Amino acid sequence: VKALNMAMIGAGRMGLAHARVLAGLAECRVSKVIDTSAENARRVAEELGAQASTHVEDALEDPAIDAVVVTTPTPTHADVVEAAARAGKAIFVEKPIAQSLEAGRRVVQAVERTGVPCQVGFQRRYDPAYLRAREMIERGELGKLEGIRLVGRDPYPPRLEYLKSSGGLLVDMGIHDLDAARFFVGEVAEVYAIGGALVEPELKQHGLFDTAVATLRFENGAVGTLEVALRTAYGYDIRCEVLGEKGRIHIERDRRPDLTFYDERGGNFDRPRNFEQRFPEAYAAEMVAFARNLHAGRPVTPGVRDAWYSLRLARAAQQALETGQVVRVREFGGEL
Ligand SMILES: NC(=O)c1ccc[n+]([C@@H]2O[C@H](COP(=O)([O-])OP(=O)(O)OC[C@H]3O[C@@H](n4cnc5c(N)ncnc54)[C@H](O)[C@@H]3O)[C@@H](O)[C@H]2O)c1
């Protein structure tokens, strides 16, 4: 079977990272890079030896393109993915699939109506430790699940423009850990959250939060917490603990390997500073899986239906954070 022809739509941070993984695979080649910024498109296209363009149609109307990798800003995902599905392209789209649940529904309908493969960028599901945890849980090694504790802290806040268009703290950032909560424990029945603008007090004027704690009650009776923050003094901090009657799984990469510096104050080791340093295996594995599964005609995962339910939970959590009310997830978001 010949190599798949791919186009990057979006050539920012994630677009470049995904393109670099795809460039190393025999199953595909990246032949086009589309970005509304001509400069970004050109830079990434040059690195890959691909064609640059500022028009999405140049990828979607080209019959030679088999698949697109969508890493444009979140508010554009729904329109771009719908158009790509209508054009019959296989799709990888970064999380979240859309900013609103309504736009997310349109995405799911477009993908299911056209039958195109569509994978969503929840890279934790491809991290070796998260994968192993899921297998252990499925084998019953924890027994009955009772709880989950999630921590997601970024080293510093993104730019205000990004924050304003990202859907809110628990949608943009919290959704990764909320998706992991669903991956491990199941659907959440109700969520409550409190938070504030503790890092950047001026965020308050825009109705934005940089710090939050959410409590979760799952449909199976388990309970959980999620802590999210947009600043640490010490780098990137992602933790997950799953508790069951027979034990507990703890996932954390606190050290970068190989070197600890010892002096009179004790040992000093290096930690992951950002998401690229915490999840390199996962970002590579999700893209390799996308390309190889497409190439072999196998299904891709996680799909849009699953991603919509993670968006439903994240929107419910954001609603709880903004209103101070307990939000019942099904009543709030409905079903697909
Ligand atoms: N999975 C993860 O861990 C992770 C991490 C960061 C970001 N993301 C997601 O990736 C997406 C992009 O984030 P980023 O950090 O790469 O942003 P970015 O700003 O670095 O890149 C976005 C790019 O899209 C371009 N663009 C904007 N509108 C466009 C349009 N309509 N058509 C084509 N190009 C357009 C911009 O010029 C920019 O180059 C977001 O949805 C975000 O939620 C996921």
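Counting starts at 1 for both ligands and their atoms, following the listed order. None of the values given here were measured: they were computed from a predicted structure.
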When you measure from the side chain of Asp35 to the backbone N and O of Ala11, does any donor-acceptor pair fall under 3.5 Å?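 Flag set: sc Asp35 to bb Ala11 pair under 3.5 Å.
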Val33, Thr71, Leu48, Val44 screened by side-chain contact (heavy atoms from CB on, under 4.5 Å) with Leu16, the one that passes: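 That would be Val44.
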Salt-bridge test for [X] and [Y]: reply yes if a basic N is under 4.0 Å from a carboxylate O, no otherwise.
| X | Y | result |
| --- | --- | --- |
| Glu135 | Arg132 | no |
| Lys246 | Glu141 | no |
| Glu276 | Arg13 | no |

With atoms numbered from 1 as shown, which atoms in ligand 1 lie under 4.0 angstrom from a non-hydrogen atom of Gly121?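 Close to Gly121: 1 (N).
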His176 neighbourhood, listing ligand 1 atoms whose heavy-atom distance to it stays under 4.0 Å: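 This gives 1 (N), 2 (C), 3 (O) as the contact atoms.
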So between Glu94, Glu286, Met173, whose heavy atom ends up nearest atom 44 (C) of ligand 1?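 Comparing heavy atoms across Glu94, Glu286, Met173, the nearest one to atom 44 (C) of ligand 1 lies in Glu94.
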Of the choices Val93, Asp172, Thr72, Thr76, which has the non-hydrogen atom that lies closest to atom 33 (C) of ligand 1?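 Considering heavy atoms of Val93, Asp172, Thr72, Thr76, the nearest to atom 33 (C) of ligand 1 sits in Thr72.
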Tell me which protein heavy atom sits closest to [atom], plus the residue, atom name and distance to 0.1 Å.
| atom | answer |
| --- | --- |
| atom 21 (O) of ligand 1 | Gly12 CA, 3.3 Å |
| atom 30 (C) of ligand 1 | Thr36 CG2, 3.6 Å |
| atom 22 (C) of ligand 1 | Thr71 O, 3.6 Å |
| atom 40 (C) of ligand 1 | Thr74 OG1, 3.6 Å |
| atom 27 (C) of ligand 1 | Pro73 CD, 3.2 Å |
| atom 23 (C) of ligand 1 | Asp35 OD2, 3.6 Å |
| atom 19 (O) of ligand 1 | Arg159 NH2, 4.1 Å |
| atom 20 (O) of ligand 1 | Arg13 N, 2.9 Å |

Heavy-atom distances under 4.0 Å are what count here, so tell me which part of Phe275 touches ligand 1: side chain, backbone, both or neither.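 The answer is the side chain of Phe275.
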Could you establish whether Tyr283 and ligand 1 come within less than 4.0 Å of each other, counting only heavy atoms on the residue side?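 Within the 4.0 Å threshold, so yes.
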Heavy-atom gap Tyr162 to ligand 1 smaller than 4.0 Å: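 Right, Tyr162 reaches ligand 1.
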Short N or O distance, His77 and ligand 1, threshold 3.5 Å exclusive: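 Min N/O separation from ligand 1 is below 3.5 Å for His77.
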Got an N/O contact under 3.5 Å between Met14 and ligand 1?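 Yes, there is a polar N/O contact under 3.5 Å.
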Should Leu321 and Val327 be regarded as members of a common hydrophobic cluster, given that ILVMFWY residues are connected when their side-chain heavy atoms come within less than 4.5 Å of each other, either directly or indirectly?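 Cluster IDs for Leu321 and Val327 match.
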Is the charged tip of Arg231 near the ring of Tyr156: under 6.0 Å from the six-membered ring centre and within 45° of its axis?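 Arg231 over Tyr156 ring: no.
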Can you tell me how far the CD atom of Glu61 sits from the CG atom of Asp58, to the nearest 0.5 Å?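 Reported value, rounded in 0.5 Å steps: 7.5 Å.
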Protein non-hydrogen atom below 4.0 angstrom of atom 17 (O) of ligand 1 present: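 So far as the 4.0 Å threshold goes, atom 17 (O) of ligand 1 is out of reach of every protein heavy atom.
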Of the non-hydrogen atoms in Gln277 and Arg271, which two are nearest, and what is the gap between them?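 The answer is OE1-O, 3.9 Å.
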Under the criterion side chain to side chain donor-acceptor pair (under 3.5 Å), I'd like the reasoning laid out for Tyr283 against Arg20: C-alpha separation, chi angles, the key distance, then a yes or no. CA-CA 11 Å; Tyr283 288 117; Arg20 283 181 173 156; over 6 Å; no
Less than 4.5 Å apart, side chain to side chain, heavy atoms only: is that true for Phe269 and Phe261?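 They are not in side-chain contact.
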